[in-house]
Number of protein chains: 2
Amino acid sequence: MADIARMAGVSISTVSRALAGNPLIPKTLRDQIVEIARTHGYVVNQSARSLRLRKTDIIGVVIPLPHQTGRLISDPFLLEMVGRLVDEIARRGYAVLVHKVIATEPGWLERIIQSQRADGLILIGQSVEHAALNAVADTYRPMVVWGAQLPGQRYCAVGGDHLEGGRLAVAHLAGLGRERIAFFGATEAPEAAQRFEGYRRGLAEAGLTFDPALVAPVSHSLQEARDDVARFIASGPSFDAVFAFSDVIALAALEALREAGRSAPGDVAVVGFDDIMLARYGAPPLTTLRQDLEHGAQTMVDLLFRRMAGEDAPSVMAPVELIVRGSSV
Amino acid sequence: MADIARMAGVSISTVSRALAGNPLIPKTLRDQIVEIARTHGYVVNQSARSLRLRKTDIIGVVIPLPHQTGRLISDPFLLEMVGRLVDEIARRGYAVLVHKVIATEPGWLERIIQSQRADGLILIGQSVEHAALNAVADTYRPMVVWGAQLPGQRYCAVGGDHLEGGRLAVAHLAGLGRERIAFFGATEAPEAAQRFEGYRRGLAEAGLTFDPALVAPVSHSLQEARDDVARFIASGPSFDAVFAFSDVIALAALEALREAGRSAPGDVAVVGFDDIMLARYGAPPLTTLRQDLEHGAQTMVDLLFRRMAGEDAPSVMAPVELIVRGSSV
DNA sequence: CTGAAAGCGCTAACAC
DNA sequence: GTGTTAGCGCTTTCAG
């Protein structure tokens, strides 16, 4: 910047002001300085700017991976979400810093916040302790979490209506005359717990009895899920429908069923959750509960910027929509 | 940091050294200081650190979007690539800054470099002028591009063997007895031009004549591509096979064919490129040329770090593999 | 082994 | 309007 100042025959402050578009500097001089900077390929150093301004123009997007799988972000839902967030954040002139963290290491959230590399944070998923988020939220405002709403929650969460989604799924399956409806997926994470709760309510409303033998804890990754489902099938419980925690699990279930010689939807009707791109293109295409990611990402970013501006933005629960495709009818 | 120093009864320099694990500070004192910092939730401010060290511990991943579509990163290939890169970069203790840029605005690359927000840059795709990349590469070393190798190229590029891929695709289709093989996709971008060139060579080697009427410029986005293909079908040229620039285009072609009442692979055999996740799950599953993204991302990151260390890492062309699935046989 | 002090590149009072 | 100057929070000579 000193160089530019020398070339323009002005002081550093004038250059700084001109480059910032400060109207105190006459328009002609400003343009002149901007032009000099441009031709010399000068751009303001962001580290210095951030240090001085205590503002980075960066939004952190945190992907907490459960367990110490030091591995792949391959989950299609996660990737779609990241894509949407990048779009939405870029529209506002901010860059996106993606953090992949192992959610089991304590203090990771505090570390990210304290490093002050981002002006705001979006966490994808609550795999963290609810309590840890609450604790952080008391002192750190610019944070939005993709996830479920929980009682006593003091952080800002955006997410689909998991409970209603579970209900709708089971109502749909029961309406088709299915009576032995299995649930595939973990039930610990808040989102999962709510979908599971919706499943149980759906059963109750349809006059079906809940059978714990039809609940299979299935991994979230496609490969492992397929094996988990295969084991479940082999272990013998009879079932004529599946409500899966996610589309990925539903797709894995379809594969495992095919390998076990059962047809879908003939022998077993399958419903997933999320409506990822893969859901539409499968054979059969997947009946699922659609979460509008574009809208979800938009909402999260919107709330985040309001919180960054000091407002106190509320949590939002987005509706989910049952999309009926070939895997259930 | 001053606070921590006061609490520990030492100077700021000592705290800085202790937190950096500098062995000049006795281990006990070091641990003590680290402990104080931990309990008080202190973490080094990265802006200040970066300013001082001229090093950010961030790798920039740039997604250049062609044209001024101020829109969505929805391309599955791009998303998978980003996921792989994040994994690979995170493994090395760096964070990832994702930039979405409109490649038509001149000077964007210089701006990103000069802002010094990242220690190195990975560009996904050469949609930029080859010349612009060459110019930048002369002065900016830590940059790796995902794309084709071009004559006179002075930047480091990693990518699949597009030409060979095109040849293999056509050889496969011709081997199945197909004689009117269409090419769907743009032919301007370097990757596309090479795949197209492979297509022409494949035709020649199979003794088929090249018919310009069978080359359809098709958009890269799923929706638009479907419409483009539908128009092509409606316009009447007879064809019994398609080599598509990408899996996304191939999937769009499958849809358009179905809507037009033509069967695949019966009436038209279809081959894509990339082997994205969607390819495997379609109906029919897609024959495609697999680019090993995991390996590609690994290679790019590896070369980038070598360049960051001052070494002069070479460009790499990765093999592609024909994966035969139901869409062609 | 430890501390004092300089300075990374920038912005914004505060003078003039 | 413009320049001078004081930091932002950190690391690292350099001196002790």
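A note on names: the letters A, B, ... follow the listed sequences, proteins ahead of strands, and every chain is numbered from 1. Computed over heavy atoms, backbone and side chain alike; hydrogens, waters and symmetry mates excluded.
In this structure B/Arg92 satisfies the side-chain hydrogen bond (donor to acceptor under 3.5 Å, both in side chains) test together with B/Glu88, B/Asp302, sequence neighbours excluded. By the ring pair (Phe, Tyr, Trp, His ring centres under 6.0 Å) test, A/His99 is found to be paired with no residue, residues two or more places apart in sequence or in another chain being considered. Listed by chain and number, the residues in a ring pair (Phe, Tyr, Trp, His ring centres under 6.0 Å) with A/Tyr42 amount to none (sequence neighbours excluded). Legend: residues meeting side chain to side chain contact (heavy atoms under 4.5 Å, CB included) with B/Leu51, ordered by chain and number and at least two apart, are A/Ser47, A/Ala48, A/Leu51. Applying the side-chain hydrogen bond (donor to acceptor under 3.5 Å, both in side chains) criterion to A/Glu188, with sequence neighbours excluded, gives no partner residue. For the ring pair (Phe, Tyr, Trp, His ring centres under 6.0 Å) test, residues two or more places apart in sequence or in another chain that qualify with B/Tyr94 are B/Phe305.
What separates CD1 of B/Ile4 from P of C/dT2 is a distance of 17 Å, to the nearest Å. As a whole-Å value, the separation of B/Gln116 CD from C/dC8 C1' is 11 Å.
Here the side chain of B/Gln149 pairs a donor or acceptor atom with the backbone of B/Val316 at under 3.5 angstrom.
The salt bridge (Lys or Arg N to Asp or Glu O under 4.0 Å) pairs that include a residue from residues 5-18 of chain B are B/Asp3-B/Arg6, where partners are two or more places apart or lie in different chains.
Taking a 4.0 Å limit (strictly below) on heavy-atom distances, residues 27-39 of chain A does not reach DNA chain C anywhere.
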(message) For nucleotides 10-16 of chain D, give me one character per nucleotide, 5' to 3': B if any protein heavy atom sits under 4.0 Å from the base, S if the only such contacts are to the sugar-phosphate, - if neither.
(response) BBBB---
